[in-house]
S.K.: 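Here you go, one structure.
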Amino acid sequence: MRVCKFGGTSMADGGSIKKVMEIVRRDESRKYIVVSAPGKRSKADTKITDALYGCFNALDGGDFKDKFAKVTRRFCDISGELGLDIDISAILDGVREDIIKARSRDFTASRGEYLSAVILAAALDVKFVDTAGLILFSKDGELMLEESLSRLRAALDGVERAVLPGFYGSMPSGEIKTFSRGGSDISGAIVASAVGADVYENWTDVDGFLSADPRIVPSPKLIECLSYDELRELAYMGAEVLHPEAIFPVRRAGIPINIKNTFHPSAAGTVIVSNVRHMGEKSVITGIAGRKGFSIINIQKEMMNSEIGFARRVLSVLEEEGVSFEHMPSGIDALSVVVRDEYLEGKLPSLIAALWRATEADSIDVQSGLSLIATVGHNMTSRQGTAAKIFEALAEKHINIRMIDQGSSELNIIIGVDTFDYEKAINAIYTKFSVD
Ligand code: ASP
């Protein structure tokens, strides 16, 4: 049995929804379908979720009516293209009134997925099951996974086929709460875990997970199979396609994820599994991903190495200032902390002052303009030469390495380079591993 999630491009208009319907009808095992709100039909188009955030912002004295009229038109067009036998105008009138009454940003945004699911359920002639009251958040906005799984299981018990809206659930007060952007991936993973699906199919508009960013590397290879851990590393380091938090509900249930293309359904896509031994022979590295926008805080102090509690004092300051860190490479009398620039905004002077006080260091300096590149792959475990190849690739292109980090899990080698070398470095590493 499969749970399928269809993304915004798949739900963008009548034509793409017909493709979704074909995919669902082709295979009886595709029982529970989770959908996003209609996405962009072209580069210049507006996603329904963005249009709805615009409506919310216009509620107080803005042009809410005009903005919501555009949303109405979009859904009426879709319903018309599909020849549906539902009174979509009346449904949209109701939604508009509910938005005005609720005055909630999350509720307003959630209506995109709600309407998308209502439409697909009518088109397929299957049950619509609302995720409000089934996917649950605590009053602090934390997902309550166990409770959500049992509610979903009970609601779907005996239901042959159903369409569910992604992206949102509700809090104990009944108020609607959304995940972060792209969160329908998480909803799909929760539903898959609740019903014990054999596969979680995530239908999107690309053939699968690419081994590097196609905006940087021309035509990177498609990854046919990768592990949850590799996906987590790559997604965290900026590889898009799947919401990074979508992994947890399916990983703990041991359900593979299959990323598929609605517009090219015969392509095998990318399969994500828990056990790498199932993955067969593949190249040493699985993929390369990276992010710009980091700074390094360098702290030096004579005899630091014998000062017990030094690192704890540094980390306490970061905690007190609410700064999350990525890496902490250290020397004998030096310790560096790599931090995302966004965490330092407006906080740097107080952070540095607090570090001086806590460490009584000899020097503290901050260098910005750092980018991190992760070269990821289970197959580098116990193999010699992977790091050598990365360094060789960079040396050949005269790229200076500013930081190195490899955990003993040997899943990932992370290097820091100057941001002006970022694209060049990714290309150099990619080329080295695809040629050799
Ligand atoms: N519609 C939401 C967004 O645009 C959620 C999703 O599509 O997954 O972020």
Side-chain angles (χ1 to χ4, degrees), residues 3-13 16-17 19-20 23 32-57 67-68 70-72 74-75 78 92 95 99 104-121 128-132 134-135 137 141 143 148 152 163-170 176-193 200-206 209 231 235 238-250 257-263 272:
V3 167
C4 305
K5 179 258 167 178
F6 288 90
T9 335
S10 308
M11 298 302 295
D13 59 22
S16 59
I17 295 177
K19 291 194 192 327
V20 170
I23 291 167
Y32 304 116
I33 317 298
V34 176
V35 291
S36 281
K40 290 184 179 195
R41 292 158 294 184
S42 65
K43 253 198 164 141
D45 200 11
T46 308
K47 281 182 173 191
I48 282 292
T49 308
D50 291 316
L52 286 166
Y53 281 126
C55 290
F56 176 75
N57 293 337
K67 286 197 155 54
F68 195 78
K70 288 198 181 124
V71 173
T72 300
R74 187 85 188 268
F75 281 107
I78 292 177
L92 278 147
V95 165
I99 289 176
S104 143
R105 186 177 145 83
D106 280 14
F107 178 79
T108 308
S110 74
R111 295 305 87 185
E113 270 67 16
Y114 171 82
L115 290 161
S116 203
V118 165
I119 283 181
L120 185 63
F128 164 83
V129 175
D130 199 350
T131 39
L134 301 182
I135 291 187
F137 294 88
L143 172 68
S148 305
L152 278 164
V163 179
L164 301 93
F167 194 35
Y168 71 91
S170 57
I176 294 290
K177 159 111 187 89
T178 63
F179 290 106
S180 57
R181 296 299 304 264
S184 300
D185 287 339
I186 312 174
S187 313
I190 296 172
V191 174
S193 169
Y200 170 33
E201 287 185 342
N202 193 288
W203 291 84
T204 173
D205 56 356
V206 290
F209 217 93
L231 173 72
E240 289 161 12
V241 173
L242 197 71
H243 194 296
E245 288 164 36
I247 298 162
F248 301 112
V250 277
I257 307 173
N258 190 359
I259 294 172
K260 298 271 291 174
N261 189 349
T262 301
F263 305 94
I272 301 145

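When a ligand or atom number is given, it counts from 1 through the structure's own listing order. Values reported hereafter were calculated over all heavy atoms of this structure, with side chains retained and with hydrogens, waters and symmetry mates removed. One is the number of the first residue; the rest follow in order along the sequence.
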S.K.: Would D185 and N202 count as having a side-chain donor-acceptor pair, cut-off 3.5 Å?
M.R.: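 D185 vs N202: donor-acceptor pair found between side chains.
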
S.K.: Could you say whether the N/O atoms of S184 and ligand 1 ever approach to under 3.5 Å?
M.R.: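 Yes.
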
S.K.: Evaluate the side-chain proximity of F6 to I23: yes if any heavy-atom separation is below 4.5 Å, no if none is.
M.R.: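 I23 reaches F6 side chain to side chain.
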
S.K.: Report yes or no: does a heavy atom of G183 sit under 4.0 Å from some atom of ligand 1?
M.R.: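 G183: in contact with ligand 1 (<4.0 Å).
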
S.K.: Among the heavy atoms of E113, does any lie under 4.0 Å from an atom of ligand 1?
M.R.: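 Yes; E113 lies near enough to ligand 1 that a heavy-atom distance drops under 4.0 Å.
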
S.K.: Hey, can you tell me if Y114 and F128 have their rings parallel, tilted or perpendicular (30° and 60° cut-offs)?
M.R.: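 Y114 vs F128 ring planes: perpendicular.
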
S.K.: Using a 4.0 Å cut-off to any heavy atom of R181, which atoms of ligand 1 qualify?
M.R.: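 Once the distances to R181 are compared, the set is 3 (C), 4 (O), 9 (O).
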
S.K.: Which atoms from ligand 1 have a heavy atom of S36 less than 4.0 Å away?
M.R.: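 Under 4.0 Å from S36, ligand 1 has these atoms: 6 (C), 7 (O), 8 (O).
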
S.K.: Compile the donor-acceptor pairs under 3.5 Å between side chains in residues 46-53 and protein atoms, sequence neighbours left out, one pair per line.
M.R.:
unit_1	atom_1	unit_2	atom_2	d
D50	OD1	R181	NH1	3.0
D50	OD1	R181	NH2	3.4

S.K.: Taking 4.0 angstrom as the limit and counting only heavy atoms of K47, give me the atoms of ligand 1 inside it, by number and element.
M.R.: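 Once the distances to K47 are compared, the set is 4 (O).
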
S.K.: Indicate whether the side chain of H243 and that of S180 have a donor and an acceptor atom separated by less than 3.5 Å.
M.R.: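 S180 and H243 do have a side-chain donor-acceptor pair below 3.5 Å.
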
S.K.: With a cutoff of 4.0 Å, is G182 in contact with ligand 1, counting heavy atoms of the residue only?
M.R.: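 For ligand 1, residue contact (heavy atoms, under 4.0 Å) with G182 is present.
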
S.K.: One thing to verify: whether K40 and D13 come together as a salt bridge, which I'm taking to mean a side-chain N less than 4.0 angstrom from a carboxylate O.
M.R.: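 Not counted as a salt bridge, because no side-chain N and carboxylate O are separated by less than 4.0 Å.
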
